[in-house]
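These notes concern the structure reproduced below.
All chains are named by letter (A, B, ...) in the order of the sequence lines, taking the proteins before the strands, and each is independently numbered beginning at 1. It should be emphasised that the depicted structure is a prediction, and the values quoted were computed from it without experimental measurement.
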Amino acid sequence: MKNLHGILFAYSSNIRLKELTEHRTASSMPYGSRYRVVDFMLSNMVNAGIPDIGVIMRENYQSLLDHLGSGKDWDLSRKRGGLKLLPPFAYAGGRRDAATYRGKLEALYAITSYISHIRQGTVVLADGDLIVNLPLDDIYERHIETGADITCVCLDREPGYESEAYLRIDKKKRVAEVLLSQLDENTVPCIGVYFLSKKLLEKILADCAAHSHVVFTRDVLQRMQGQLNIMAYIHEGFSSRPQSVADYFKQSMALLKPEVRKDLFSRTRPIRTKVRDEASTYYAPESRVKRSVVADGCVIKGDLENCIVFRGVEVEEGARLKNCILMQDTHIERDVDLSFAITDKEVVVTRGRALKGHESYPIAISKGSVV
Amino acid sequence: MKKEIIAMLLAGGQGSRLYVLTTHVAKPAVPFGGKFKLIDFPLSNCANSGIDTVGVLTQYQPHELNAYIGSGQPWDLDRLDGGVHILPPYIKGKAGTWYKGTANAIFQNIAFIENYDPEYVLILGGDHIYKMDYAKMLEQHKLEQADCTIAVLEVSLDEASRMGIMNADESGRIYEFEEKPAKPKSTLASMGIYIFTWSKLKDYLLADESDAKSKNDFGGNIIPKMLADGQKMMIHRFSGYWRDVGTIDSLWEANMDMLSGAEINLSSPSWRIYARNPISPPHYVGDNATVSHSLITEGCEVYGGVFNSVLFNDVTVEQGAFVEYSIIMPGAVVERGAMVKYAIIAENARIKSGAKIGAPPDDFADNPDDWGVAVIASGVTIGEGKTVGAREMADADLI
């Protein structure tokens with residue numbers, strides 16, 4: 001059994017995601033035709049052979065609970081270990097009414113007793129709102145080999161990538177400086193995946209509790225950089241954490257590129273999700289479809305170009321959809337004309353309606369709306 | 001714990017008329033309709049009818065079927081009490097034989113059935129495509145206080161002469177059973193779905209087993225014997241889509257029926273057909289692809305033309321490839337410029353560029369009997385520019 005434990009932070013939200021996180025956290029946002037964002041990190045952990053995974057949630061987690069269930073779709077419904085959902089305890093400190101944790105350390109304090117029962121020696125802390133296919137087992141081996149106190153997963157210098165921390169590293173990938181915003185281009189952005197031993201984690205938590213430190217990047221990586229051996233691991237594949245509606249749109253459209261699909265949906269490290277038992281998607285003779293990613297259970301009678309289509313979507317005759325994201329059970333009636341639009345779950349766009357957004361400002365239509 | 005009814009699913013059939021498609025798998029494990037295997041239909045019908053205990057009798061090439069059924073979780077049949085059980089033949093003391101016939105298969109599992117002390121036993125086949133509420137049939141069986149109820153379907157006179165025909169009076173009581181009658185007296189065909197009152201069936205199974213001349217078959221021995229003895233045997237009328245997919249042509253045709261979706265809806269939420277899901281990403285339809293009147297599912301990458309076809313998971317149709325009126329099973333690849341017409345391409349087969357598989361029936365207008373669906377067996381590679389004609393089967397690489 002892998003001596004590695006997974007903790008997922010699934011409470012975060014981002015107000016710039018607006019309609020997309022009205023009813024859910026960023027981790028439970030639909031992405032890529034048939035997934036929730038959390039499926040990626042969860043599958044990464046399962047694919048690495050991690051037997052036990054804790055998911056920290058705070059508010060708005062109904063959709064996440066419904067999605068994860070007992071964890072059986074990830075093979076995590078186990079008698080010993082498996083998936084543990086960690087909603088806030090009613091008595092978790094004085095900030096009961098707060099919508100979110102102020103930082104990862106605060107989130108981890110709330111599960112101190114869970115952490116003390118972890119049966120593995122090393123813990124990987126990862127953000128649940130991260131869209132990436134990571135070889136966590138390789139990174140774990142590297143972490144052990146290098147004898148690092150903390151290993152941070154980073155991207156190769158990617159200007160414009162919004163991150164919680166930027167690292168200045170030496171040739172051996174040892175972290176020399178930790179910055180909380182990008183100062184220059186000679187740093188690598190952290191994607192929010194950290195390896196450390198259970199022992200160190202407990203020590204850090206005790207120390208930070210005493211000093212009422214709450215932010216992992218600032219209060220651990222930056223403040224303790226001098227005392228700890230912090231290493232970076234550079235991941236070279238696709239990685240994304242949607243920051244706004246326009247960014248979500250852009251990151252979704254990236255799936256139209258074969259190399260992104262190949263990387264994200266690697267055959268050796270498949271992404272698992274909740275099974276919905278849909279039949280295949282039917283394409284009618286009058287449909288015209290180009291450059292589109294489509295899930296099961298759809299009936300397509302209209303035209304699609306550059307679209308991401310989720311499960312159970314229906315597109316009627318004469319509808320023309322270009323650069324659109326249609327989430328689960330969207331119904332597009334006849335002769336609808338849509339471009340640069342995101343329809344959330346169960347949206348109905350009635351006959352003949354036309355809506356046009358722009359790449360820089362895609363229109364997001366809230367869950368269950370009728371246009 | 002006592003169960004009112006349990007189902008016994010006969011899945012041991014070799015399916016020899018499916019030829020190369022069943023060389024390595026039992027017939028109930030043959031893929032169907034883009035996402036399913038044949039056995040998903042009776043298993044899902046059981047789950048949807050509220051039958052939570054199912055014995056699956058396997059014998060021929062059972063490995064894939066066993067792995068597929070697993071704990072029964074996809075059909076919600078992973079139960080603490082009951083659930084799905086694989087029942088292969090086994091050694092009993094010094095004796096023990098293969099299942100000699102359908103009735104013998106049930107006979108050999110009397111002990112399994114008695115564990116649940118059921119009032120009724122439902123006998124099912126594993127190779128028919130239909131949606132049926134067995135609970136309604138059971139209700140009728142109980143109301144009529146029948147000893148045996150047989151599901152029947154109205155068929156054409158022509159079909160009737162190829163099936164088992166039930167002749168029943170106005171009340172629905174069967175007075176005669178004819179196997180493939182030359183001159184059918186009625187057009188009510190048996191669907192191979194029986195509900196027996198267990199105590200009665202058990203008596204007949206025991207008697208049948210001690211009859212050395214018996215072929216230990218339900219249709220051939222048990223049913224005629226019960227009729228002759230005047231047991232109360234009733235028909236249960238079923239109307240709706242039902243297909244026997246025992247031959248290449250019928251398997252191909254039934255898959256084509258799934259395209260219209262008119263007769264049987266595979267995605268209706270009220271009566272879903274469940275299947276074990278592969279873990280594959282959404283499918284992709286590329287730049288120069290044309291997809292028309294076709295079913296496409298997870299993991300497929302379509303860059304060529306797909307017309308009137310059923311693609312299973314993880315199929316690739318490369319640019320300039322052309323697929324029509326065909327069934328492409330999981331993992332198969334149709335390379336650039338290959339033509340696949342009226343064909344069944346089995347799992348992981350590879351049709352290399354420029355190869356030609358099958359032909360439309362129009363090409364055989366003068367001698368229509370020479371036409372048939374072309375079949376490529378699983379894992380077989382058809383080399384560049386090679387041809388496999390209509391009605392031909394390739395069960396080895398052609399390079």
Quiz item: Taking Ile279(B), Leu259(B), Leu266(B) one by one, which has the highest count of heavy-atom pairs under 4.5 Å against chain A?
Solution: Ile279(B)

Self-check item: Heavy-atom pair count under 4.5 Å with chain A, highest-scoring of Gly34(B), Pro281(B), Gly299(B)
Solution: Pro281(B)

Quiz item: Given a strict heavy-atom distance threshold of 4.5 Å, which part of Leu264(A) is in contact with chain B: side chain, backbone, both, or neither?
Solution: neither

Self-check item: Which portion of Val289(A) sits near chain B, non-hydrogen atoms under 4.5 angstrom
Solution: both

Any side-chain heavy atom of [X] within less than 4.5 Å of one from [Y]?
X	Y	result
Leu76(A)	Val46(A)	yes
Val310(B)	Met329(B)	no
Phe307(B)	Val323(B)	no

Exercise. Take Ile365(A) and Ile342(A) through the side chain to side chain contact (heavy atoms under 4.5 Å, CB included) test and state the conclusion after the steps.
Key: CA-CA 6 Å; Ile365(A) 303 167; Ile342(A) 302 170; over 6 Å; no

So which N and O atoms of chain B and chain A form donor-acceptor pairs under 3.5 Å?
unit_1    : atom_1 : unit_2    : atom_2 : d
Lys35(B)  : NZ     : Glu278(A) : O      : 3.1
Lys35(B)  : NZ     : Asp296(A) : OD2    : 2.7
Arg272(B) : NH1    : Asp277(A) : O      : 3.1
Ser280(B) : O      : Arg34(A)  : NH1    : 2.7
His283(B) : N      : Val294(A) : O      : 2.9
His283(B) : O      : Val294(A) : N      : 2.8
His283(B) : ND1    : Val294(A) : O      : 3.0
His283(B) : NE2    : Tyr283(A) : OH     : 2.7
Val285(B) : N      : Ser292(A) : O      : 2.9
Val285(B) : O      : Arg291(A) : N      : 2.9
Val285(B) : O      : Ser292(A) : N      : 3.0
Gly286(B) : O      : Arg291(A) : N      : 3.4
Asp287(B) : OD1    : Arg291(A) : NH1    : 2.3
Asp287(B) : OD2    : Arg291(A) : NH1    : 3.3
His293(B) : N      : Tyr283(A) : O      : 2.7
His293(B) : ND1    : Tyr282(A) : OH     : 2.3
Ser294(B) : N      : Tyr283(A) : O      : 3.1
Ser294(B) : O      : Tyr283(A) : N      : 2.9
Ile296(B) : N      : Thr281(A) : O      : 2.9
Ile296(B) : O      : Thr281(A) : N      : 2.9
Thr297(B) : OG1    : Asp296(A) : OD1    : 2.9
Thr297(B) : OG1    : Asp296(A) : OD2    : 2.8
Glu298(B) : N      : Asp296(A) : OD1    : 3.4
Glu298(B) : OE2    : Arg34(A)  : NE     : 3.2
Glu298(B) : OE2    : Arg34(A)  : NH2    : 3.4
Glu301(B) : OE1    : Arg261(A) : NH2    : 3.2
Tyr303(B) : OH     : Arg261(A) : NH2    : 3.4
Asp314(B) : OD1    : Arg267(A) : NH1    : 2.7

Quiz item: After noting the C-alpha distance and the side-chain angles of Leu256(A) and Val293(A), does the key distance pass the side chain to side chain contact (heavy atoms under 4.5 Å, CB included) rule?
Solution: CA-CA 7 Å; Leu256(A) 298 178; Val293(A) 174; 3.9 Å; yes

Quiz item: What about Phe249(A) and Phe340(A), are their ring centers closer than 6.0 Å?
Solution: yes

Quiz prompt | Atom pair CG/CG of Leu311(B) and Leu295(B) - distance to nearest 0.5 Å | solution = 9.0 Å

Quiz item: What is the ring orientation for His128(B) with Trp242(B), classed by angle as parallel under 30°, tilted 30 to 60°, or perpendicular over 60°?
Solution: tilted

Practice problem: Give the member of Pro270(A), Cys298(A), Ala284(A) that has the highest number of heavy-atom pairs under 4.5 Å with chain B. | Solution: Ala284(A)

